[in-house]
*Asks:* 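Take this structure first; my questions come after.
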Amino acid sequence: WVRDVAWAPSIGLPTQTIASCAEDKVVQIWSQAAGSTGWSVKRLPPFEAVVWRVSWSLAGNVLAVSAADGKVTLWKEGLDGEWGMIEAVHEQ
């Protein structure tokens, strides 16, 4: 089941973006370009534990993901359109 959904701020951007996370350890990022009726989806690499929350930065370009194993990871879309992890913090 879906654990969390977060809508990215899109001030001045021509795209709407939503992140979702689920019990199956998967985070999906949904995007819709202005004027489009369809959504495209990209998946982050599978996580090691259930993902609890997703949250966007104020600018809407960095996604924070927290999982049941105590890890928080930060993700950003590259110029190639692929999402990559830019930071990881683990609770000791």
Side-chain angles (χ1 to χ4, degrees):
W1 73 37
V2 175
R3 286 276 183 189
D4 196 22
V5 175
W7 203 295
S10 61
I11 300 170
L13 298 176
T15 304
Q16 298 293 323
T17 306
I18 301 171
S20 65
C21 63
E23 191 76 21
D24 60 359
K25 306 175 187 176
V26 171
V27 172
Q28 296 188 117
I29 301 170
W30 305 80
S31 298
Q32 182 184 52
S36 173
T37 58
W39 289 82
S40 63
V41 64
K42 293 188 178 180
R43 283 185 164 200
L44 297 184
F47 287 78
E48 296 175 8
V50 172
V51 181
W52 294 106
R53 297 289 309 260
V54 288
S55 181
W56 291 98
S57 65
L58 290 177
N61 63 339
V62 176
L63 178 67
V65 178
S66 63
D69 57 3
K71 289 182 184 176
V72 175
T73 53
L74 301 178
W75 298 80
K76 188 170 184 173
E77 187 176 22
L79 295 175
D80 61 358
E82 295 302 314
W83 286 83
M85 185 171 56
I86 57 172
E87 187 68 47
V89 178
H90 190 281
E91 182 178 79
Q92 296 294 335

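Position 1 is the first residue of the sequence; numbering continues from there.
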*Asks:* Under a 4.0 Å N-O cut-off, is there an ion pair linking Glu48 with Lys25?
*Replies:* no

*Asks:* If Ile, Leu, Val, Met, Phe, Trp and Tyr residues are connected whenever their side-chain heavy atoms lie under 4.5 Å apart, and connections chain through other members, are Phe47 and Met85 in the same group?
*Replies:* yes

*Asks:* Within a strict 4.5 Å, meaning less than it, do heavy atoms of the Val26 and Arg43 side chains meet?
*Replies:* yes

*Asks:* Taking the side chain as C-beta and beyond, is there a heavy-atom pair between Val27 and Trp75 under 4.5 Å?
*Replies:*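 The answer is no, as the side chains (C-beta and beyond) never meet within the 4.5 Å cut-off.
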
*Asks:* Which residue, Leu63, Ile18, Val54, forms the side-chain contact (heavy atoms from CB on, under 4.5 Å) with Ile29?
*Replies:*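 The residue from Leu63, Ile18, Val54 that satisfies side-chain contact (heavy atoms from CB on, under 4.5 Å) with Ile29 turns out to be Leu63.
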
*Asks:* State plainly whether one hydrophobic cluster holds both Val89 and Leu74, where clusters connect Ile, Leu, Val, Met, Phe, Trp and Tyr through side-chain heavy atoms under 4.5 angstrom apart.
*Replies:* no

*Asks:* Can you name the closest pair of heavy atoms from Ser20 and Trp30 and give their distance?
*Replies:*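 The pair with the smallest heavy-atom distance is OG-NE1, 3.3 Å.
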
*Asks:* Can a donor-acceptor pair be found between the side chains of Trp39 and Gln16 at a distance below 3.5 Å?
*Replies:* no

*Asks:* Looking only at heavy atoms, which two atoms of Val62 and Lys76 are closest? And how far apart?
*Replies:*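 Heavy atoms of Val62 and Lys76 come nearest at CG2-CD, 4.3 Å.
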
*Asks:* Please answer whether the main-chain N or O of Ala6 pairs with a side-chain N or O of Trp56 as donor and acceptor at a distance below 3.5 Å.
*Replies:*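 Looks like yes, one N/O pair under 3.5 Å.
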
*Asks:* Looking at side-chain heavy atoms only, is the closest gap between Arg53 and Ser66 below 4.5 Å?
*Replies:* yes

*Asks:* Can any side-chain N or O of Lys42 pair as donor or acceptor with the backbone N or O of Gly81 at less than 3.5 Å?
*Replies:*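 Such a contact is found between Lys42 side chain and Gly81 backbone.
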
*Asks:* What distance separates Arg3 CZ from Asp24 CG, expressed to the nearest 0.5 Å?
*Replies:*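 Between atom CZ of Arg3 and atom CG of Asp24 there are 11.0 Å.
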
